[in-house]
Amino acid sequence: MFNIDEQDNLNILPSYIENIDFKYIKVDNKYISSLIIKEYPKKSFFLDLIETIPKNFSYDISMFLQKQDIMKFLKELTYYISSSSAEINTISKNQVDIDILNKSKDDAKNLRREIQINNEEIYNLSFIITFYSIDKSELLQILKSFQTKLFSKQIVSIISNFRHLDAYLLNLPLNDNKNRILKTNYRSMTTSCVTNFFPFYTKNVFDENGIIFGMTKNDNKLFNIDIFSNKYFNSNMCIFGSSGSGKSFFTKLMIFKEYMNSKVQYIFDPEGEYNHFIKMINGEVFSLSENTYINIMQIFDLDINRFGSNVVKQKINEVLEILKKIINIESDEDISYLHSAIINAYKSKNITFDIRSLYKISDKNSIYIDKVIKDTNDFPILTDILNYEMPEELTIKLRQVFTTKLKCFSTYTNVDIHNKLILFDTRNINNLVIKFILEKMASYLKNHSNKNKTIIYIDEVWRYVNNTSDENISSVIFMLFKTIRKNNAGIVTITQDITDFFAFENGNYGKSILNNCCFKMFFKVDYLGSEILKKLGVINSVEINELMKLDKGEAVISFKNNITTLNIKASEYERNLIEGDSY
């Protein structure tokens, strides 16, 4: 016996319960309605369906099991089988009626066999889902919507009109077995059928191979996501947020966690914000300011895997195409000279169209059995092209380009391109070069069996959206968004300038990217940004209000028809690593 004083009563009891409308009851400031499951399919889809309920919506699931007397149940079952047989013999010759009775009789026989041979027990199961909301219209809408989803999976449910109070009481720890809903709404099931249901369900989002983003704000539940899970229609993500909202911290946290999860990651950073962090976790930084280079003429094992025996020819054509675009060569004569110069540059290093010329040799007549590719210094570089006959004007253009736009590709490779984490510091890199790198990545992912899951991050993506036809990277980014899922990869874009991101093509480009993103993360945005999102129909007014109330380190995430607010969480080690306290 517990003594509860008046103050305690105020803490645990509602101030009032309103039960005057058949569609719902009202307890304090919350409207409450329930669904009762009446018919179940042979296979249960409940877990998938429950996950379609928005994570920020409050609901309870109640299951009631009552074990039945086996002998009594068998006696009733045997009587039903006998009466069904008699009815079939006396029924009119309507084939539909006969088929229905035969099916019912067969089901009853199978059930009897399960009980007698497999020692199955029989239980009466009642299943109730109760929804809560402070908005009456929202409550009724979610109720109807979820009932429709249930019906599409052959699960018949009814709304407990006029009995919402009884349904609500079943969610309380009262153990009221005399509740009238339990007496009239149940289904008899065997033990094996009951075990297919989920008696335990949590609002935790926990994917098997995922990473922890943080905790849900409302329920403080774990939020663990694997963006590559087959349950999501793609692995793409958009991250929005004003300066200081926490989006960069989250991005670095995601990079670190996915790095520990063995993902291959490439980051395009236009502000040099991630350089030190990437070095701290043993990633590679490709930056002109740090004199790092990738020889555009070097042939790697990745190229051989992609092009096979035609790799040298393909590499020559690739170099020719990038030079034609950057220098804007249109003369057939200049193209012919340039093509010959590239071929001769490879020949000077004893590399021909024969793929065997790419490998180290132990003597003049044999090749290493394991086919070891030549060292980086054994390949030509762009400046080697200048050693061969070309028109003087073309030579001058090439020399200028090699020391400016293509400086990062102009000498021997000193970056480990096989590192699973590579940062491209794009502050001093020409947009055409960035476009070339992205196109090469896209082509590789498309034409190569990518066993390792890959993530491409593009920070401040609005910078790459412009109307200059030659340097328009937006088309490549959009192509990646549409096709990258098929290649076991995902793309993540981060931006704080929502105005510029949605300015291109009247916002259609930005909306197209969002439509090809399964995951959308919104940190706190300024008023102008929120108005643009609202105007374009990206988020509704309720979500806008959520965005405006976010604190630093909080984010609204939308995925798979769910919207929830997160508190981004990191361990002390992760926080020190990201914020720089550990160095």
Parallel, tilted or perpendicular: ring planes of Phe559 versus Phe223, cut at 30 and 60 degrees: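 Plane angle over 60°, so perpendicular.
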Pairwise distance [atom1]([X]) to [atom2]([Y]) - rounded to 0.5 angstrom:
| X | Y | atom1 | atom2 | value |
| --- | --- | --- | --- | --- |
| Met521 | Phe213 | CE | CZ | 6.5 Å |
| Lys313 | Thr352 | NZ | OG1 | 13.5 Å |
| Asn282 | Glu284 | CG | CD | 9.5 Å |
| Ile281 | Ile578 | CD1 | CD1 | 8.5 Å |
| Ile225 | Asn209 | CD1 | CG | 12.5 Å |
| Arg399 | Ser410 | CZ | OG | 13.0 Å |

Steps toward salt bridge (Lys or Arg N to Asp or Glu O under 4.0 Å) verdict (Glu318, Lys315): CA-CA 5 Å; Glu318 185 179 84; Lys315 174 59 73 170; 3.1 Å; yes
Ion pair check, [X] and [Y], cut-off under 4.0 Å:
| X | Y | result |
| --- | --- | --- |
| Arg427 | Glu271 | no |
| Glu392 | Lys397 | no |
| Asp459 | Lys247 | no |
| Glu321 | Lys324 | yes |
| Lys360 | Asp375 | yes |

Testing the basics here: between [X] and [Y], what is the closest heavy-atom pair and its distance to 0.1 Å?
| X | Y | result |
| --- | --- | --- |
| Ala489 | Leu445 | CB-CD1, 4.1 Å |
| Thr454 | Asn452 | OG1-O, 3.2 Å |
| Cys518 | Asn234 | N-OD1, 2.9 Å |

Under 3.5 Å, side-chain donor or acceptor atoms of residues 379-391 against the rest of the protein: list the pairs with distances, not counting sequence neighbours.
residue : atom : partner : partner atom : Å
Asp384  : OD2  : Ile381  : N            : 2.9
Asn387  : ND2  : Asp384  : O            : 3.4
Tyr388  : OH   : Asn344  : O            : 3.3

Residues which pass ring-ring contact (aromatic ring centres under 6.0 Å, His included) with [X], listed by chain and number, not counting sequence neighbours:
| X | answer |
| --- | --- |
| Phe286 | Phe424 |
| Tyr232 | Phe519 |
| Phe307 | none |

Counterpart residues, side-chain hydrogen bond (donor to acceptor under 3.5 Å, both in side chains), relative to Ser571 (two or more places apart):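 Applying side-chain hydrogen bond (donor to acceptor under 3.5 Å, both in side chains) to Ser571 gives Glu574.
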Determine all donor-acceptor pairs shorter than 3.5 Å in which one atom belongs to a side chain in residues 522-530; sequence neighbours excluded.
residue : atom : partner : partner atom : Å
Asp526  : OD1  : Leu528  : N            : 3.4
Asp526  : OD1  : Gly529  : N            : 2.6
Ser530  : OG   : Asp526  : O            : 3.4
Ser530  : OG   : Tyr527  : O            : 2.7

Worked check of salt bridge (Lys or Arg N to Asp or Glu O under 4.0 Å) between Lys217 and Asp551: CA-CA 11 Å; Lys217 183 178 179 180; Asp551 293 326; 5.2 Å; no
Chi angles and distances behind the side-chain contact (heavy atoms from CB on, under 4.5 Å) call for Asn305, Asp303: CA-CA 5 Å; Asn305 292 336; Asp303 299 306; over 6 Å; no
Salt bridge (charged side-chain N to carboxylate O under 4.0 Å, His left out) partner of Glu258, the single match among Lys420, Lys263, Lys252: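 Of the listed options, the one satisfying the test is Lys263.
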